[in-house]
Engineer: 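First the structure, then my questions, so here it is.
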Number of protein chains: 2
Amino acid sequence: MRSDARQNRDRVLAAARDEFTAHGAAASLNKIAQRAGVGPGTLYRHFPSAQALLVAIITEDVAALVDHGRELLGHPSPGEALRIWLRAVAVHATAMRGLVATELLGADPALAECHDRIRAVAGELSERAGVRDDVDDLLAVVSAVAWASERLPGDPGRLDRLLTLVTRGLP
Amino acid sequence: MRSDARQNRDRVLAAARDEFTAHGAAASLNKIAQRAGVGPGTLYRHFPSAQALLVAIITEDVAALVDHGRELLGHPSPGEALRIWLRAVAVHATAMRGLVATELLGADPALAECHDRIRAVAGELSERAGVRDDVDDLLAVVSAVAWASERLPGDPGRLDRLLTLVTRGLP
DNA sequence: TTCCCATCCGGAGAACCTCTCCGTATCGTA
DNA sequence: TACGATACGGAGAGGTTCTCCGGATGGGAA
């Protein structure tokens, strides 16, 4: 890839983060292109859809989330490790006004690898904690309440209350 | 209100239900107007925004939901009554591709009366069941998993599994 | 039954969106 | 330094939301 192409792609991604963070699903691709200082044709050549943009951003962030989960495998309290990590998953899902949750709960095959990585860590943490719940269902619930808490951003403690509600059956 | 105005309003509401059911948030107000057989000016005079349309539809449906809840107050098993009703709330929230959940979890003051009515029934059912959870949080969780289950409509049993997960701490 | 007017209708147009196409620009290799 | 493959970008097509105002009409009064 040419250097100007690489630079433009990075700028589009950064602008997309900012626009999605500010406007969630209402973010405009034209505005993202303007913010990145490129033409719409350039944006579309790098990312054929808003979804492709979101996938690229989410993929960057899932790496850190998975690393965090792996570190928690060494936690002395398996139940606590799982709770800490599920909270990290929830916080991650609230990003970009809940768009991360929306994408992770959808069926985009482009996120299959992200799902696999998250599922693998969730599986290990759950097993250590003796939790028998289906990990996909557990992750779905956590993402769902993350998304819900983004619907009323004026209540900062809400995410934790909702998480407490949905994880009380855990050890 | 004139009879032609009343008729057009009803047709717009019916068309809106159909379009929101088929397309969720991607439903177009122009298409709704076309489907109702009115001009955009007519649609906008009756409903100044998509949100106003949704509020009108949701308000119609909440009446039935609340009636259902009141009937359940006579249920011999208070825990079971609460579960049955929370499931009804979830099913209601999945309507129009999860748009009902999206709206009920938002901050639109126009839905304040709906919230009050739902909260009142939830409060009574919870009290009978000995549940101390904050009813707003409980309702939020239920709407959240309803929305999540709409993200993957190909898995019909998912809503029930997610509901079982989030309500297991109840009596 | 007719008339009149307040209420209602509807569609052209403005401004924005998504997305594409193709003439122009430029990076990088020879 | 030159050239060509790669990349750019913006005009334009077709869609959306939303408004405005000239025309239509429901219904009440005479």
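The sequence lines fix the lettering, A, B, ..., with proteins before strands; numbering per chain opens at 1.
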Engineer: Mind grabbing the angle between the end helix axes of the helix from C/dT1-D/dA30 to C/dA30-D/dT1? Five pairs an end, 10° rounding.
Structural biologist: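 For the helix from C/dT1-D/dA30 to C/dA30-D/dT1, the axes at either end differ by 0°.
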Engineer: Of the candidate nucleotides C/dT18, D/dC8, C/dG11, which contains the atom at the shortest distance from the side chain of A/D4?
Structural biologist: D/dC8
Engineer: Quick one, A/D137 and B/R158 - any side-chain contact, counting heavy atoms below 4.5 Å?
Structural biologist: yes
Engineer: Got a sec? Which of residues 29-38 of chain A come in under 4.0 Å of DNA chain C, heavy atoms?
Structural biologist: A/L29, A/N30, A/K31
Engineer: Quick one: A/R6 CZ to C/dG28 P, roughly how many Å, whole number?
Structural biologist: 12 Å
Engineer: OP1, OP2 of D/dA7 versus side-chain N and O of A/H46: anything below 4.0 Å?
Structural biologist: no
Engineer: By nearest nucleotide on DNA chain C, pick out whichever of B/G41 and B/R2 is the more 5' one.
Structural biologist: B/R2
Engineer: Are any of A/N8's side-chain N or O atoms less than 4.0 Å away from OP1 or OP2 of D/dA7?
Structural biologist: no
Engineer: How many angstroms lie between atom CG of A/D133 and atom CZ of B/R161, to the nearest 0.5 angstrom?
Structural biologist: 11.0 Å
Engineer: Is there side-chain contact between B/F47 and B/L29, with heavy atoms separated by less than 4.5 Å?
Structural biologist: no
Engineer: If you take all heavy atoms of B/R97 and B/F20, which pair is closest and at what distance?
Structural biologist: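 It is CG-O, 3.9 Å.
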Engineer: CZ of A/R11 versus P of D/dC8: gap in Å, rounded?
Structural biologist: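 Result: 10 Å.
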Engineer: To the nearest Å, how far apart are A/Y44 OH and D/dA13 P?
Structural biologist: 17 Å
Engineer: Could you check how far CD of B/E19 sits from P of D/dT16, rounded to whole Å?
Structural biologist: 10 Å
Engineer: Check the distance between C/dA25's P and A/R45's CZ and give it to me in whole angstrom.
Structural biologist: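 Rounding to the nearest Å, CZ of A/R45 and P of C/dA25 are 16 Å apart.
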Engineer: Rounding to a whole Å, what distance do you find between A/H23:NE2 and C/dT18:C1'?
Structural biologist: 17 Å
Engineer: Considering only heavy atoms from C-beta outward, does the side chain of B/D134 approach that of B/L138 to under 4.5 Å?
Structural biologist: no
Engineer: B/P40 has a side chain; which of C/dC8, D/dG10, C/dA12 sits nearest to it?
Structural biologist: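 So the side chain of B/P40 is nearest to C/dA12.
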Engineer: A/L53 CG to C/dT18 P: how many Å, rounded?
Structural biologist: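 Spelled out: CG on A/L53 to P on C/dT18 is 11 Å.
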Engineer: Taking side chain as C-beta onward, heavy atoms only, is A/T167 less than 4.5 Å from A/L170?
Structural biologist: yes
Engineer: Quick one: label A/P48 by what it contacts on the DNA or RNA (base, sugar-phosphate, nothing), any heavy atom closer than 4.0 Å.
Structural biologist: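 Touches nothing.
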Engineer: Does B/L111 belong to the same Ile/Leu/Val/Met/Phe/Trp/Tyr cluster as B/V135, with side-chain heavy atoms less than 4.5 Å apart forming each link?
Structural biologist: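 No, B/L111 and B/V135 fall in different hydrophobic clusters.
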Engineer: Check whether any side-chain heavy atom of A/R9 sits under 4.5 Å from a side-chain heavy atom of A/L13, and report yes or no.
Structural biologist: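 Touching, per the 4.5 Å side-chain cut-off.
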Engineer: Do the charged groups of A/R119 and A/D116 touch, with an N to O distance under 4.0 Å?
Structural biologist: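 Yes, charged N to carboxylate O under 4.0 Å.
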Engineer: Considering every strand and a 4.0 Å limit on heavy-atom distances, what is the contact class for A/T42: base, sugar-phosphate, or nothing?
Structural biologist: base
Engineer: In this structure, how many angstroms lie between the P atom of C/dG28 and the CD atom of A/Q7, rounded?
Structural biologist: 11 Å
Engineer: Closest nucleotide of DNA chain D for B/S49 versus for B/S3: which of these residues is on the 5' side?
Structural biologist: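 Comparing both residues, the 5'-ward one is B/S49.
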